[in-house]
Amino acid sequence: MKTFPILIAATALVAAGGCTKKAGDAGAASGNVSSAPTVAVAAPASGDWSEAVAPTAAGGFVMGNPNAKVKLVEYGSMTCPHCGEFEKTGAKPLIDNYVRTGKVSWEFRNFVRDPYDLAASLVARCNGAKSFFGLTRALYSSQGDWVAKLQTVPPKETEALQALPPAKQFTAIGKMAGFPQFAALRGVPAAKAETCLADTKEVDRLVQMNSDAVSQYNIPGTPSFLVNGTLLAETATWETLEPKLKTALAG
(Lines give C-alpha, C1' and ligand atoms only; values in the text may rest on other atoms or scores of the structure.)
Protein backbone atom coordinates (compact mmCIF):
# COMPACT_ATOMS: atom_id res chain seq x y z
CA MET A 1 0.00 0.00 0.00
CA LYS A 2 1.05 3.62 -0.32
CA THR A 3 2.98 4.99 2.60
CA PHE A 4 1.10 7.38 4.85
CA PRO A 5 3.38 9.08 7.39
CA ILE A 6 2.23 8.44 10.92
CA LEU A 7 3.50 11.55 12.64
CA ILE A 8 1.34 11.57 15.71
CA ALA A 9 1.79 14.32 18.26
CA ALA A 10 -0.51 16.50 20.32
CA THR A 11 0.41 19.48 18.14
CA ALA A 12 -0.92 17.72 15.05
CA LEU A 13 -4.45 18.76 15.97
CA VAL A 14 -3.85 22.30 17.16
CA ALA A 15 -2.59 24.23 14.16
CA ALA A 16 -2.90 27.67 15.70
CA GLY A 17 -3.21 29.53 12.43
CA GLY A 18 -5.97 27.31 11.11
CA CYS A 19 -6.05 24.91 8.17
CA THR A 20 -5.04 27.04 5.21
CA LYS A 21 -1.92 28.75 4.00
CA LYS A 22 -2.08 32.47 3.33
CA ALA A 23 -5.07 33.19 1.17
CA GLY A 24 -2.87 34.78 -1.48
CA ASP A 25 -1.07 31.49 -2.02
CA ALA A 26 -4.15 29.80 -3.40
CA GLY A 27 -4.04 31.15 -6.91
CA ALA A 28 -6.44 29.90 -9.55
CA ALA A 29 -5.82 26.67 -11.40
CA SER A 30 -7.95 24.77 -13.85
CA GLY A 31 -8.48 21.04 -13.95
CA ASN A 32 -11.05 18.39 -14.65
CA VAL A 33 -14.59 19.13 -13.59
CA SER A 34 -16.32 16.63 -11.29
CA SER A 35 -17.23 13.43 -13.11
CA ALA A 36 -20.90 14.21 -13.64
CA PRO A 37 -22.97 12.70 -16.45
CA THR A 38 -23.96 14.89 -19.38
CA VAL A 39 -27.23 13.09 -20.12
CA ALA A 40 -30.63 14.04 -18.76
CA VAL A 41 -31.13 12.92 -15.17
CA ALA A 42 -34.55 12.97 -13.55
CA ALA A 43 -34.94 14.93 -10.34
CA PRO A 44 -35.95 13.00 -7.20
CA ALA A 45 -39.70 12.48 -6.90
CA SER A 46 -39.81 15.12 -4.18
CA GLY A 47 -38.11 17.66 -6.44
CA ASP A 48 -35.39 18.07 -3.80
CA TRP A 49 -32.01 17.55 -5.45
CA SER A 50 -30.24 17.39 -2.07
CA GLU A 51 -31.69 13.87 -1.74
CA ALA A 52 -29.51 12.73 -4.66
CA VAL A 53 -26.04 11.68 -3.44
CA ALA A 54 -23.56 9.53 -5.35
CA PRO A 55 -19.85 8.61 -5.29
CA THR A 56 -17.59 10.21 -7.90
CA ALA A 57 -14.65 8.89 -9.90
CA ALA A 58 -12.40 11.34 -8.02
CA GLY A 59 -13.19 9.56 -4.76
CA GLY A 60 -15.59 12.13 -3.34
CA PHE A 61 -19.35 12.18 -2.90
CA VAL A 62 -21.59 14.58 -4.81
CA MET A 63 -24.94 15.93 -3.65
CA GLY A 64 -27.39 17.40 -6.10
CA ASN A 65 -28.11 17.61 -9.79
CA PRO A 66 -25.16 16.00 -11.64
CA ASN A 67 -25.91 18.27 -14.61
CA ALA A 68 -26.11 21.47 -12.56
CA LYS A 69 -24.82 24.61 -14.26
CA VAL A 70 -22.41 25.15 -11.38
CA LYS A 71 -20.38 22.25 -10.06
CA LEU A 72 -18.86 23.03 -6.66
CA VAL A 73 -16.11 20.85 -5.21
CA GLU A 74 -14.95 21.26 -1.62
CA TYR A 75 -11.69 19.84 -0.34
CA GLY A 76 -12.18 19.49 3.41
CA SER A 77 -10.32 18.02 6.37
CA MET A 78 -12.13 16.48 9.31
CA THR A 79 -9.68 17.91 11.90
CA CYS A 80 -9.74 21.40 10.37
CA PRO A 81 -11.62 23.94 12.52
CA HIS A 82 -12.15 26.24 9.53
CA CYS A 83 -13.81 23.38 7.66
CA GLY A 84 -15.99 22.80 10.69
CA GLU A 85 -16.92 26.48 10.67
CA PHE A 86 -17.87 26.31 6.99
CA GLU A 87 -20.09 23.32 7.73
CA LYS A 88 -21.70 25.27 10.56
CA THR A 89 -22.30 28.51 8.65
CA GLY A 90 -22.37 27.54 4.99
CA ALA A 91 -23.78 24.06 4.51
CA LYS A 92 -27.41 24.93 5.24
CA PRO A 93 -27.69 27.99 2.96
CA LEU A 94 -25.70 26.18 0.27
CA ILE A 95 -28.11 23.25 0.33
CA ASP A 96 -31.31 25.23 0.86
CA ASN A 97 -30.69 27.96 -1.70
CA TYR A 98 -28.59 26.29 -4.37
CA VAL A 99 -28.40 22.49 -4.19
CA ARG A 100 -32.07 21.67 -3.52
CA THR A 101 -33.14 23.63 -6.60
CA GLY A 102 -30.69 21.82 -8.89
CA LYS A 103 -28.69 24.95 -9.71
CA VAL A 104 -25.50 23.79 -7.94
CA SER A 105 -24.06 20.36 -7.22
CA TRP A 106 -21.75 20.01 -4.20
CA GLU A 107 -19.00 17.42 -4.19
CA PHE A 108 -16.97 16.85 -1.02
CA ARG A 109 -13.49 15.36 -1.35
CA ASN A 110 -11.57 14.41 1.78
CA PHE A 111 -8.15 16.04 2.06
CA VAL A 112 -6.42 14.38 5.00
CA ARG A 113 -3.94 16.41 7.06
CA ASP A 114 -2.91 13.86 9.68
CA PRO A 115 -3.63 10.29 10.84
CA TYR A 116 -6.52 11.44 13.06
CA ASP A 117 -8.08 13.18 10.07
CA LEU A 118 -7.71 10.02 8.03
CA ALA A 119 -9.37 7.87 10.70
CA ALA A 120 -12.33 10.27 10.89
CA SER A 121 -12.60 10.27 7.09
CA LEU A 122 -12.74 6.46 7.07
CA VAL A 123 -15.72 6.60 9.42
CA ALA A 124 -17.50 9.31 7.42
CA ARG A 125 -17.14 7.23 4.26
CA CYS A 126 -17.96 3.91 5.92
CA ASN A 127 -21.60 3.64 4.91
CA GLY A 128 -21.20 5.05 1.43
CA ALA A 129 -23.17 7.79 -0.27
CA LYS A 130 -26.39 7.35 1.68
CA SER A 131 -24.94 8.64 4.93
CA PHE A 132 -21.69 10.38 3.95
CA PHE A 133 -22.89 13.95 4.30
CA GLY A 134 -24.79 13.20 7.51
CA LEU A 135 -21.79 11.52 9.15
CA THR A 136 -19.48 14.29 7.96
CA ARG A 137 -21.82 16.90 9.45
CA ALA A 138 -21.95 15.01 12.74
CA LEU A 139 -18.16 14.68 12.90
CA TYR A 140 -17.79 18.41 12.35
CA SER A 141 -20.46 19.19 14.94
CA SER A 142 -18.67 17.06 17.54
CA GLN A 143 -15.15 17.92 16.33
CA GLY A 144 -14.18 19.60 19.60
CA ASP A 145 -15.17 16.51 21.61
CA TRP A 146 -13.33 13.80 19.68
CA VAL A 147 -10.30 15.99 19.03
CA ALA A 148 -10.08 16.63 22.77
CA LYS A 149 -10.14 12.88 23.43
CA LEU A 150 -7.23 12.35 21.05
CA GLN A 151 -5.24 15.21 22.54
CA THR A 152 -5.44 13.65 26.00
CA VAL A 153 -4.05 10.27 24.90
CA PRO A 154 -0.71 9.70 26.71
CA PRO A 155 2.33 10.20 24.44
CA LYS A 156 3.48 6.62 25.00
CA GLU A 157 0.22 5.31 23.53
CA THR A 158 0.45 7.50 20.43
CA GLU A 159 4.10 6.56 19.94
CA ALA A 160 3.18 2.88 20.18
CA LEU A 161 0.84 3.27 17.20
CA GLN A 162 3.82 3.63 14.88
CA ALA A 163 4.83 0.03 15.56
CA LEU A 164 1.43 -1.29 14.42
CA PRO A 165 0.67 -2.36 10.85
CA PRO A 166 -1.46 0.20 8.94
CA ALA A 167 -4.63 -1.87 9.24
CA LYS A 168 -4.39 -1.64 13.02
CA GLN A 169 -3.15 1.93 13.38
CA PHE A 170 -6.38 3.59 12.32
CA THR A 171 -8.50 1.09 14.24
CA ALA A 172 -6.57 2.06 17.37
CA ILE A 173 -6.98 5.78 16.64
CA GLY A 174 -10.69 5.25 16.06
CA LYS A 175 -11.09 3.55 19.43
CA MET A 176 -9.17 6.37 21.14
CA ALA A 177 -11.56 8.88 19.58
CA GLY A 178 -14.67 6.79 20.30
CA PHE A 179 -15.55 6.50 16.61
CA PRO A 180 -17.18 3.02 16.75
CA GLN A 181 -19.63 4.24 19.41
CA PHE A 182 -20.13 7.50 17.51
CA ALA A 183 -21.01 5.55 14.35
CA ALA A 184 -23.31 3.14 16.20
CA LEU A 185 -25.41 6.06 17.44
CA ARG A 186 -25.86 7.17 13.83
CA GLY A 187 -26.90 3.93 12.18
CA VAL A 188 -23.53 2.33 11.43
CA PRO A 189 -22.84 -0.72 13.63
CA ALA A 190 -19.67 -0.42 15.70
CA ALA A 191 -18.29 -3.62 14.14
CA LYS A 192 -18.75 -2.16 10.66
CA ALA A 193 -17.00 1.06 11.69
CA GLU A 194 -14.05 -0.97 12.99
CA THR A 195 -13.90 -2.85 9.70
CA CYS A 196 -13.85 0.46 7.82
CA LEU A 197 -11.04 1.76 10.03
CA ALA A 198 -8.97 -1.28 9.02
CA ASP A 199 -9.71 -0.94 5.29
CA THR A 200 -6.27 -0.40 3.72
CA LYS A 201 -7.78 -0.03 0.22
CA GLU A 202 -9.78 2.95 1.44
CA VAL A 203 -6.66 4.35 3.11
CA ASP A 204 -4.93 4.06 -0.28
CA ARG A 205 -7.84 5.88 -1.90
CA LEU A 206 -7.62 8.77 0.57
CA VAL A 207 -3.86 9.06 0.14
CA GLN A 208 -4.30 9.07 -3.65
CA MET A 209 -6.98 11.77 -3.37
CA ASN A 210 -4.47 13.98 -1.55
CA SER A 211 -1.87 13.34 -4.22
CA ASP A 212 -4.36 14.14 -6.99
CA ALA A 213 -5.50 17.33 -5.26
CA VAL A 214 -1.95 18.62 -5.00
CA SER A 215 -0.85 17.60 -8.50
CA GLN A 216 -4.01 18.74 -10.30
CA TYR A 217 -4.95 21.87 -8.38
CA ASN A 218 -2.08 22.70 -6.01
CA ILE A 219 -4.58 22.70 -3.15
CA PRO A 220 -3.07 25.09 -0.55
CA GLY A 221 -5.03 23.95 2.49
CA THR A 222 -8.57 23.41 3.70
CA PRO A 223 -11.24 24.26 3.01
CA SER A 224 -10.52 24.88 -0.67
CA PHE A 225 -13.17 25.17 -3.35
CA LEU A 226 -13.38 24.55 -7.09
CA VAL A 227 -16.15 25.99 -9.24
CA ASN A 228 -16.49 24.24 -12.59
CA GLY A 229 -12.94 22.94 -12.29
CA THR A 230 -11.23 26.19 -11.28
CA LEU A 231 -9.64 26.63 -7.85
CA LEU A 232 -10.99 29.74 -6.15
CA ALA A 233 -8.44 32.08 -4.62
CA GLU A 234 -9.04 33.64 -1.20
CA THR A 235 -12.17 31.59 -0.62
CA ALA A 236 -12.53 29.68 2.63
CA THR A 237 -15.81 30.95 4.10
CA TRP A 238 -19.44 31.04 3.04
CA GLU A 239 -19.26 34.85 2.89
CA THR A 240 -16.54 34.66 0.25
CA LEU A 241 -17.90 31.62 -1.59
CA GLU A 242 -21.53 32.63 -2.13
CA PRO A 243 -20.79 35.70 -4.31
CA LYS A 244 -18.66 33.49 -6.58
CA LEU A 245 -21.48 30.97 -6.89
CA LYS A 246 -23.83 33.79 -7.89
CA THR A 247 -21.35 35.05 -10.46
CA ALA A 248 -20.98 31.57 -11.95
CA LEU A 249 -24.74 31.11 -12.11
CA ALA A 250 -25.17 34.46 -13.84
CA GLY A 251 -22.47 33.72 -16.41
Side-chain angles (χ1 to χ4, degrees), residues 4 6-20 60-61 63 74-95 106 108-128 130-162 164 168-199 202-203 206 210 221-224 236-238:
F4 188 86
I6 303 298
L7 302 176
I8 301 174
T11 55
L13 294 178
V14 288
C19 320
T20 58
F61 291 91
M63 176 194 297
E74 175 184 356
Y75 282 96
S77 301
M78 301 313 305
T79 57
C80 170
H82 289 310
C83 299
E85 182 63 20
F86 178 80
E87 171 64 35
K88 178 181 177 181
T89 61
K92 188 176 190 303
L94 171 60
I95 294 171
W106 175 25
F108 189 100
R109 298 178 187 171
N110 296 97
F111 189 86
V112 294
R113 302 190 305 148
D114 53 63
Y116 304 137
D117 192 338
L118 198 150
S121 298
L122 289 171
V123 172
R125 301 165 65 85
C126 188
N127 214 28
K130 61 184 177 181
S131 56
F132 173 76
F133 282 94
L135 287 172
T136 296
R137 182 176 304 116
L139 282 163
Y140 277 136
S141 296
S142 60
Q143 187 184 70
D145 296 332
W146 57 265
V147 165
K149 288 181 182 179
L150 290 168
Q151 287 176 326
T152 59
V153 174
K156 286 186 178 181
E157 290 187 31
T158 57
E159 291 169 7
L161 291 174
Q162 298 182 57
L164 297 174
K168 293 185 178 181
Q169 288 174 350
F170 298 108
T171 300
I173 291 171
K175 289 181 178 179
M176 291 173 178
F179 288 153
Q181 295 85 353
F182 166 92
L185 291 172
R186 292 161 179 84
V188 181
K192 182 174 181 178
E194 291 184 16
T195 298
C196 290
L197 285 162
D199 187 345
E202 193 67 7
V203 172
L206 286 163
N210 265 44
T222 54
S224 285
T237 65
W238 176 242

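Contact of the Phe111 side chain with the Asp117 side chain is not registered, since no non-hydrogen atoms from C-beta on lie closer than 4.5 Å. Between Glu157 and Met176, some side-chain heavy-atom pair lies under the 4.5 Å cut-off. Looking at heavy atoms from C-beta onward, Cys196 lies out of side-chain contact with Val123 at the 4.5 angstrom threshold. Side-chain contact between Tyr140 and Met78 is present, with heavy atoms from C-beta onward closer than 4.5 Å. Looking only at side-chain heavy atoms (C-beta outward), Leu206 and Val203 stay at 4.5 Å or farther from each other.
Nearest approach of Cys83 to Gly76, heavy atoms of both residues: SG-CA, 3.9 Å. Between Gly178 and Lys149 the shortest heavy-atom distance is CA-NZ, 4.5 Å. The two residues Ala184 and Ala190 have their closest heavy-atom pair at CB-N, 4.0 Å. Minimum heavy-atom separation, Leu197 to Gly174: CD1-CA, 3.8 Å.
Every residue two or more places apart in sequence or in another chain that forms a side chain to side chain contact (heavy atoms under 4.5 Å, CB included) with Val188 is listed here: Cys126, Asn127, Leu135, Ala183, Lys192. Take Lys92 and apply the side-chain hydrogen bond (donor to acceptor under 3.5 Å, both in side chains) test, not counting sequence neighbours, and it matches Asp96. In this structure, the side chain to side chain contact (heavy atoms under 4.5 Å, CB included) partners of Thr89, at least two apart in sequence or on a different chain, are Glu85, Trp238. For Phe108, the ring pair (Phe, Tyr, Trp, His ring centres under 6.0 Å) partners are Phe132, not counting sequence neighbours. The side chain to side chain contact (heavy atoms under 4.5 Å, CB included) check on Ala191 picks up nothing, with sequence neighbours excluded. Applying the side chain to side chain contact (heavy atoms under 4.5 Å, CB included) criterion to Glu202, with sequence neighbours excluded, gives Leu122, Arg125, Asp199, Arg205. Residues that satisfy the side-chain hydrogen bond (donor to acceptor under 3.5 Å, both in side chains) test with Thr237, not counting sequence neighbours, are Thr240. Evaluation of the ring pair (Phe, Tyr, Trp, His ring centres under 6.0 Å) rule for Phe133 yields Trp106 as partners, not counting sequence neighbours. Applying the salt bridge (charged side-chain N to carboxylate O under 4.0 Å, His left out) criterion to Glu74, with sequence neighbours excluded, gives no partner residue. For Phe179, the ring pair (Phe, Tyr, Trp, His ring centres under 6.0 Å) partners are Trp146, not counting sequence neighbours.
Screening residues 174-190 for side-chain hydrogen bond (donor to acceptor under 3.5 Å, both in side chains), with sequence neighbours left out, gives no hits. For residues 134-145, the pairs satisfying salt bridge (Lys or Arg N to Asp or Glu O under 4.0 Å) are Glu87-Arg137, with sequence neighbours left out.
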